[in-house]
Amino acid sequence: MAKKIKKKRIAVPEQDPYARIHNFNEVSLGYTWELAIEEASRCLQCPYPSPCMKGCPVDVNIPGFIKKILEKDIKGALEIIHATNSLPGITGRVCPQEQQCEMNCIMGKVGDKINIGKLGRFVADEARKQGIYPSTPSVEKKGKKVAVVGSGPAGLTAAADLVKMGYDVTMYEALHEPGGVLIYGIPEFRLPKNIVRYEVKFLKMLGVNVITNVVIGKTFSLYELLNEYDAVFLGTGAGTPKLLNLPGVNLNGIYSANEFLTRINLMKAYKFPEYDTPIRKGKKLAVIGGGNVAIDAARCALRIGYEEVYIIYRRTREYMTAREEEIIHAEEEGVKFMFLVSPVEFLGDENGNVKVIRLIMNELGEPDSSGRRRPIPIPGTEFGLEVDAVVFAIGQKPNKVLYQEVPELKTTEQGTIVVDEKYRTTLKGVFAGGDAVRGEATVVLAMGDGKKAAKAIDEYLSNGYPWPDKIEPAKF
Amino acid sequence: MPMFEILDKKELAPHIKWLRVHAPLVARAAKAGQFIILRLHEKGERIPLTLFKWSKDEGYIEIVFQEVGKTTYELGTYEIGDKIMDIVGPLGRPTEIENFGNVVVVSGGVGAPIGYAVARGLKEAGNHLTVIAGFRSKDFVILEDEFSEIADELLITTDDGSYVRKGFTTDVLKEYIEAGNKVDFVFTVGPVIMMKFIADITKKYRIKTVASLNPIMIDGTGMCGACRVRVGGEIKFACVDGPDFDAHQVDFDELIMRLKQYQNEEEVAMKRYLKKGGC
Ligand SMILES: Cc1cc2nc3c(=O)[nH]c(=O)nc-3n(C[C@H](O)[C@H](O)[C@H](O)COP(=O)(O)OP(=O)(O)OC[C@H]3O[C@@H](n4cnc5c(N)ncnc54)[C@H](O)[C@@H]3O)c2cc1C
Ligand code: SF4
Ligand code: FES
């Protein structure tokens with residue numbers, strides 16, 4: 001008789017909530033060898049293509065790498081993942097697996113689904129610990145040059161795939177450090193920066209020329225890139241924060257999530273004054289929004305010493321777009337959630353520091369275009385909440401620096417770059433993907449775009465540079 | 001040559017320093033009114049500094065800065081041959097240079113180098129150029145030779161009267177206009193309070209006026225919103241929508257308030273730096 005399969009998921013060790021709100025170390029500690037093997041042994045090894053694979057935007061051979069874990073072959077497991085996913089240490093930590101691979105897992109019918117994300121992470125972490133890199137077969141150089149603009153997951157993936165195909169790849173990044181949101185947005189306790197650095201290092205080992213401190217549209221124009229390179233990929237993200245133009249919104253202590261998180265993550269303001277960049281400290285902080293970004297900001301606030309941290313969301317918990325795992329983490333850490341409220345005004349003291357946020361209660365009306373029920377303010381329900389700082393996490397739109405001066409590059413009303421299903425923009429030779437074309441999406445979708453765009457670029461450069469007269473906008 | 005190496009250095013006045021830095025990528029694209037953002041070292045903050053001069057052929061940029069906080073003091077200790085870790089630019093929209101006719105550039109204090117870059121552009125575009133440059137006192141007068149080379153008229157003033165004359169730039173501008181000089185365009189850069197009063201004067205006379213703003217910045221690419229300013233009631237990001245704005249639309253009071261955002265932290269950082277024997 002076949003051995004009995006454990007129905008329960010093997011728990012992943014985590015830092016205790018009381019301890020972790022005082023440090024920036026990673027919350028989830030990841031599987032040990034023992035636990036990883038126990039969890040891996042629960043996998044049924046479904047026949048190809050397994051249900052889980054169908055949910056993976058970058059087609060990782062999931063049962064394949066899980067089998068290698070059982071064989072204790074880390075290099076083998078890493079190479080299986082790397083065949084389609086060059087950033088496993090990152091995806092293993094930040095992917096919404098519950099909506100992707102794990103959602104489809106067959107084990108869900110009889111017990112808990114396999115913890116695919118944490119097993120993927122285990123492979124990447126173990127490989128890093130042992131200094132193992134996937135072997136890189138040498139490829140014939142194609143003698144053609146591609147520029148990648150932006151070093152977020154879309155750019156990193158496109159660069160990796162293109163260099164593996166034999167192109168000369170140069171990646172330009174505006175900030176002083178590559179990684180995009182992975183480096184400036186997602187906090188250390190969810191995605192340690194040395195992991196991002198490690199993956200970037202591997203990209204450099206593959207031969208990608210990474211150039212930081214260059215803003216395309218300022219340091220070089222897009223036209224200049226087109227002169228020098230055979231093709232250009234834009235992975236410039238959706239980096240411009242939205243703010244509500246409410247009375248008092250420019251008071252001191254009111255941040256966009258990007259500013260708040262950049263100060264903390266990229267500039268290490270939590271180590272001020274050892275590091276030079278300051279951040280406002282205080283007792284009470286309110287975050288406005290209900291996505292991953294809002295949760296990250298709230299959890300960072302606790303860690304820099306805020307005692308009462310509120311998440312102010314205009315709908316109810318089930319409509320929050322943040323990952324369930326992260327909402328639970330935030331609850332465990334003591335973040336207070338206020339649902340069905342929206343800000344109407346900010347009041348400050350005589351020095352312009354925010355002191356009170358005025359809120360109004362909502363009720364839920366008919367579903368809007370997103371399918372979620374629309375919040376409707378209830379007149380006469382305004383009240384004040386005392387705060388020392390406020391963080392806006394209500395979304396972002398693409399950064400327009402790049403194309404301020406490129407009229408040929410068509411954008412949508414939302415400011416995203418128009419591309420067709422082959423990631424071609426309205427400017428010949430220029431491709432785009434990731435948040436720059438989707439608006440705010442996810443790391444793995446950006447990676448998927450980078451992959452598919454790399455394929456499309458290869459096709460374009462191999463077939464004599466054809467370009468359609470009209471770009472049929474693809475739906476994302 | 002290594003990136004961002006300091007090629008030359010001078011002290012122009014007490015605590016006002018001039019640097020020439022190797023930064024070929026910035027130099028090749030730089031235009032008047034644009035700025036850079038630099039980070040001195042691994043633990044450094046990112047601060048914006050406006051471009052004074054640059055040479056595309058020789059690949060250098062020149063900056064002038066006043067030692068006011070920890071980062072600028074520390075930069076002041078960098079010597080020829082030292083390297084700045086990161087410099088990105090040129091950032092911001094270049095000043096819109098046109099032939100307006102009679103233009104007046106009003107600069108205060110260390111606004112002078114920006115004023116110079118723009119004044120030079122305006123002169124080259126064929127304008128009749130008057131420069132009003134205000135300084136605290138004789139010791140702090142900088143760039144007099146540079147200005148006199150390009151200006152049709154150079155009006156220097158000092159707050160205490162220790163050089164040329166006593167008075168603020170606002171006094172000089174008012175006198176200049178009231179003396180019947182025709183002014184078609186004013187560009188102003190310097191302390192926010194000065195720009196505010198300059199804007200008040202030119203508004204009365206309906207003279208088109210542009211102010212170059214200097215809010216706190218981090219990325220300089222429109223990503224963080226730290227640099228937001230209110231212009232005509234709307235929120236603008238100075239790093240990408242500016243740094244130049246219609247001076248009659250800018251909410252200067254809000255900018256003054258926002259610039260004080262980290263006053264306490266700046267003091268902490270400065271004290272710690274001095275204690276460590278920083279300079
Ligand atoms: C706080 C936060 C938390 C998140 N958490 C998650 C999560 O848990 N899971 C998940 O899947 N997704 C998450 N996301 C979303 C995810 O990070 C993004 O969808 C993803 O990073 C998009 O990748 P990208 O490569 O398209 O762009 P980005 O990661 O935004 O990278 C774009 C890069 O391009 C650079 N750039 C822009 N313009 C120029 C220019 N003109 N010249 C040169 N460089 C330029 C930028 O500086 C940036 O580095 C989160 C986002 C944020 C902000
Ligand atoms: S669906 Fe679940 S059980 Fe089947 S292979 Fe994938 S992870 Fe294993
Ligand atoms: S400095 Fe960050 S948006 Fe302007």
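A, B, ... follow the sequence lines: proteins, then strands. Residue 1 opens every chain. Quantities reported herein were computed from a predicted structural model and do not represent experimental measurements.
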Give, as side chain, backbone, both or neither, the part of B/Ile37 having an atom under 4.5 angstrom from any heavy atom of chain A.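 For B/Ile37, no heavy atom lies under 4.5 Å from chain A.
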Contact origin within B/Arg28 toward chain A - heavy atom pairs under 4.5 Å: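 Just the side chain, heavy atoms under 4.5 Å.
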Return the [atom1] to [atom2] distance between [X] and [Y], rounded to the nearest 0.5 Å.
X: B/Met257; Y: A/Leu251; atom1: CE; atom2: CG; result: 5.0 Å
X: A/Tyr275; Y: B/Glu45; atom1: OH; atom2: CD; result: 14.0 Å
X: A/Asp276; Y: B/Lys70; atom1: CG; atom2: NZ; result: 3.0 Å
X: A/Ile211; Y: B/Met3; atom1: CD1; atom2: CE; result: 8.0 Å
X: A/Met267; Y: B/Arg39; atom1: CE; atom2: CZ; result: 5.5 Å
X: A/Asn252; Y: B/Gln263; atom1: CG; atom2: CD; result: 10.0 Å

Is there a side chain to side chain contact (heavy atoms under 4.5 Å, CB included) between B/Glu265 and A/Lys281? Walk through the geometry before answering. CA-CA 10 Å; B/Glu265 288 82 355; A/Lys281 300 269 176 80; 5.6 Å; no
Do you know which of [options] has the most heavy-atom pairs with chain A at a distance under 4.5 angstrom?
options: B/Ile87, B/Leu40, B/Ile47, B/Val229; answer: B/Ile87
options: B/Ala269, B/Ala29, B/Gly44; answer: B/Gly44
options: B/Met85, B/Gln34, B/Arg93, B/Glu42; answer: B/Arg93
options: B/Gly225, B/Ala226, B/Gly69; answer: B/Ala226

Given a strict heavy-atom distance threshold of 4.5 Å, which part of [X] is in contact with chain B: side chain, backbone, both, or neither?
X: A/Asn353; value: neither
X: A/Asn399; value: side chain
X: A/Ile254; value: both
X: A/Phe260; value: neither
X: A/Thr262; value: side chain

For the backbone of [Y] and the side chain of [X], can you confirm whether one donor and one acceptor N or O come within less than 3.5 Å of each other?
X: B/Arg272; Y: A/Pro273; value: yes
X: A/Asn258; Y: B/Met223; value: yes
X: A/Lys218; Y: B/Gly92; value: yes
X: B/Arg228; Y: A/Leu243; value: no

Chain B: which of [options] shares the most heavy-atom pairs with it under 4.5 Å?
options: A/Asn351, A/Val214, A/Val249; result: A/Val249
options: A/Leu402, A/Thr212, A/Asn250; result: A/Asn250
options: A/Lys268, A/Glu405, A/Arg280; result: A/Arg280

Please say whether more than 12 non-hydrogen atoms of neighbouring residues, nucleotides or ligands are located less than 6.0 Å from [atom1] in [X].
X: B/Lys31; atom1: NZ; answer: no
X: B/His248; atom1: NE2; answer: yes
X: A/Glu224; atom1: CD; answer: yes

Can you check whether anything in residues 231-246 of chain B gets within less than 4.5 Å of chain A, heavy-atom wise, and list it by number?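 Interface residues of residues 231-246 of chain B: B/Gly233, B/Glu234, B/Ile235, B/Phe237, B/Val240, B/Asp241.
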Of all the residues in residues 208-222 of chain B, which have a heavy atom that comes within less than 4.5 Å of a heavy atom in chain A?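 If one takes a 4.5 Å heavy-atom cut-off, the residues of residues 208-222 of chain B near chain A are B/Ile216, B/Ile218, B/Asp219, B/Thr221, B/Gly222.
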Residue by residue, which of residues 179-187 of chain A have a heavy atom closer than 4.5 Å to a heavy atom belonging to chain B?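 Residues in range: A/Tyr184.
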Where do B/Cys224 and A/Ser256 come nearest, in terms of heavy atoms and distance?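 Looking at all heavy atoms of both residues, the closest pair is O-OG, 2.6 Å.
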Taking all non-hydrogen atoms of both residues, which atom of A/Glu259 and which atom of B/Tyr262 are closest, and how far apart?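 So the two residues come closest at OE2-OH, 4.0 Å.
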Do A/Lys271 and B/Lys43 make a side-chain contact, defined as non-hydrogen atoms from C-beta onward lying under 4.5 Å apart?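 A side-chain contact is absent here, since even the closest heavy-atom pair is not under 4.5 Å.
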Which pairs, with at least one residue in residues 253-263 of chain B and sequence neighbours excluded, count as a salt bridge (charged side-chain N to carboxylate O under 4.0 Å, His left out)?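 Every salt bridge (charged side-chain N to carboxylate O under 4.0 Å, His left out) pair that includes a residue of residues 253-263 of chain B, provided the two are not neighbours, is B/Lys196-B/Asp253, B/Arg230-B/Glu254.
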